[in-house]
Amino acid sequence: MKIVVLNGSPKGDLSATMQYIQYIQKKLPEHELKILNIAQQIKRLEENEEFFKETIENVKNSDGVIWGFPLYVMLVPSQYKRFIELITERNKEKAFKSKYTAVLTTSIHFYDHTAINYLNAICDDLEMKYVGFFSADMFDLMIRKQREQLILFAENFFYTIENNLPTSKQNLSLNYHKFEYKPSLDINDEEKIDSEDKKILIVSDSTNENTNLGKMIERLKFCFYGDIKVINIYDLEIKGGCLGCVQCGYDNKCVYEDKDEFTEFWNSLKSFDIIIFAGVIKDRYLSSRWKLVFDRSFFNGHIPTLRGKQFGFIITGPLGQIFNLKQILNAIPELQESNLVDIITDEYQDSSKIDSLLLNFAKRLVLFSKSCYIKPHTFLTEGGMKIFRDAVYGRMRFVFQADHRFYEENGYYDFPQDDERAKKMNDMLIPLTQNEKSRKNFYSMLTSQMIKPLQGIVADPNK
Ligand SMILES: Cc1cc2nc3c(=O)[nH]c(=O)nc-3n(C[C@H](O)[C@H](O)[C@H](O)COP(=O)(O)O)c2cc1C
């Protein structure tokens, strides 16, 4: 089998993910795995037509394609996302059509599912034959059992190709509706919202007033008295995507800090109370420019630098059909310990409906900002932060020392083994379950006893 491996790591040959590919190559030498350093060479791929063509030819002449990439901020690295965009921008889908394909990714399993879902959908959109994914922890290769699993995965991939076996499609094609949003800029003064001392910022990847996004931004601005700052992320000087060098782990200083405007931009967000991110859906995510912004914000490590803000999104495109992206958009502010007020899209195909949604959005942004409303976390943060907590406290501490200092100072190390109250309760209650009679008694009272403290709060006139 001739397999092309599209390497999504900006580190190129020094990628951890590619060690998994090299291992497959060592164990199954009868197959040829040709690695193409896509993410590392993205500038050349964009600028050099011949080089891009050569890459596509490699795909065309292969028996199968492996998308091998590291997880970057819940998805693939921005450079890889850009390559995926180039495939459609340059009408090269045909080279991928009907090719057998699989995903191999390494990470610490933080939102690996959203990255995998994304690439699965891209493969479905390209009409590839998606065999499956292998999501390894970055050091799984050190474990014999995991190496065996990796080889089983690779063997199954080759077997599927050799035998031309059928594969399932997990994603329906996206349905884009043509709709031109015609906003009303006619709001009477009583309806307009006084943001008082709240500072509001809109960050967008398009401010063109002839697009739905541009018009939605204008409408939102119009809902407020006073000035709303708008930043177009294409106007920022950003030298390149995150390199994955993790030098920022020591002191949150990016190697690009004095070379481009990104750090200053991100730090400036901290001075706003209300932040709205606006973007156009490109394939199954936002633009690779937005991805670049999220990747570069990694210089903050795993620290929520935008805590306590009111957040919102304005999106154009079929978000309702891309649940995976919705989940990511929900997670971004939540992980920042901020409050997501709403996501407004242009999917309603009804200008007056969008007008009223944007007005109500504006109202709630200010109202919640004034009352400091932050809704409780969901699994998106509860689960995610436990992964970060354990990694930063444990095996990643030597890299992410700035995170460790922050987590220690801010009470993020909430390990259950340190919970004295829970320990006491367990010591007291577990013995009650040790014989059949007392166990029966214990469980029969459990439901009513469990809510006793909650009932106490409800009954307390001072709380
Ligand atoms: C900018 C950046 C973002 C990352 N984001 C995630 C993430 O969202 N989830 C995760 O589990 N790991 C994340 N990681 C960890 C990498 O996925 C992991 O270290 C990977 O094995 C690196 O592979 P590579 O050496 O092939 O580039 C991130 C690393 C970097 C540098």
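Counting from 1, the numbers follow the sequence of the chain as shown. Atoms within a ligand are numbered from 1 in the order they appear, just like the ligands themselves. This is a predicted model, so every value here is computed, not measured.
Heavy atoms of Cys242 found under 4.0 angstrom from ligand 1 belong exclusively to the side chain. If you look at Phe110 next to ligand 1, the close heavy atoms, those under 4.0 Å, come from the backbone and the side chain alike. Counting heavy atoms under 4.0 Å from ligand 1, residue Lys11 touches it through the side chain alone. When heavy-atom distances to ligand 1 are checked against a 4.0 Å cut-off, Met18 has no atom that comes that close, whether in backbone or side chain.
Looking at residues two or more places apart in sequence or on another chain, you find a salt bridge (charged side-chain N to carboxylate O under 4.0 Å, His left out) between Lys291 and Asp295.
Distances below 4.0 Å separate heavy atoms of Ser9 from the following atoms of ligand 1: 24 (P), 26 (O), 27 (O). Close approach of ligand 1 to Ser15 (heavy-atom distance below 4.0 Å) involves ligand atoms 24 (P), 25 (O), 26 (O). Interface of Gly244 with ligand 1, defined as ligand atoms under 4.0 Å from a residue heavy atom, comprises 31 (C).
When Met396, Gln19, Met138 are ranked by how near their heavy atoms come to atom 19 (O) of ligand 1, first place goes to Met138. The heavy atom nearest to atom 20 (C) of ligand 1, out of those in Thr106, Ile21, Ile108, is found in Thr106. Of the listed residues (Gly8, Ser78, Ala16, Ser107), the one carrying the non-hydrogen atom nearest atom 24 (P) of ligand 1 is Ala16.
Val73 counts as a contact of ligand 1, since one of its heavy atoms falls under 4.0 Å from the ligand. No heavy atom of Tyr111 sits closer than 4.0 Å to any atom of ligand 1.
Residue, atom and distance of the protein heavy atom nearest to atom 22 (C) of ligand 1 are Pro70 CB, 3.5 Å. The single protein non-hydrogen atom nearest to atom 30 (C) of ligand 1 is Tyr72 CE1, 3.4 Å, given as residue, atom name and distance.
Annotation for Tyr393: atom OH does not count as buried by contact number, only 12 or fewer foreign heavy atoms lying within 6.0 Å. For Lys270, the NZ atom counts as densely surrounded, since its 6.0 Å shell holds more than 12 non-hydrogen atoms of other residues, nucleotides or ligands. Around CG of Asp227, the count of heavy atoms belonging to other residues, nucleotides or ligands within 6.0 Å does not exceed 12.
Using a 4.0 Å cut-off between charged nitrogen and carboxylate oxygen, Asp390 and Arg395 do not count as a salt-bridge pair.
Judged by distance alone, the side chain of Arg397 and the main-chain N or O of His404 form no donor-acceptor pair under 3.5 Å. A donor-acceptor contact shorter than 3.5 Å is absent between the side chain of Lys309 and the backbone of Asp273. For the pair Glu334 (side chain) and Pro376 (backbone), a donor-acceptor distance under 3.5 Å is absent.
Where the criterion is an N or O separation shorter than 3.5 Å, residue side chain and backbone included, Met74 meets it with respect to ligand 1. Residue Leu71 has at least one nitrogen or oxygen atom sitting less than 3.5 Å from a nitrogen or oxygen atom of ligand 1, judged on distance alone. Residue contacts with ligand 1: Thr17 is placed with a nitrogen or oxygen under 3.5 Å of a nitrogen or oxygen of the ligand (distance criterion only).
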Exercise for the section: Please report the C-alpha distance between Phe158 and Ile24 in whole Å, then the side-chain angles of each, then the deciding distance to 0.1 Å, and finally whether the side chain to side chain contact (heavy atoms under 4.5 Å, CB included) criterion is met. Expected result: CA-CA 11 Å; Phe158 300 135; Ile24 297 172; 4.3 Å; yes
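A salt bridge (Lys or Arg N to Asp or Glu O under 4.0 Å) check over residues 157-178, counting only residues at least two apart or in different chains, returns nothing.
Checked against a 6.0 Å centroid threshold, the rings of Phe262 and Phe265 count as neighbours.
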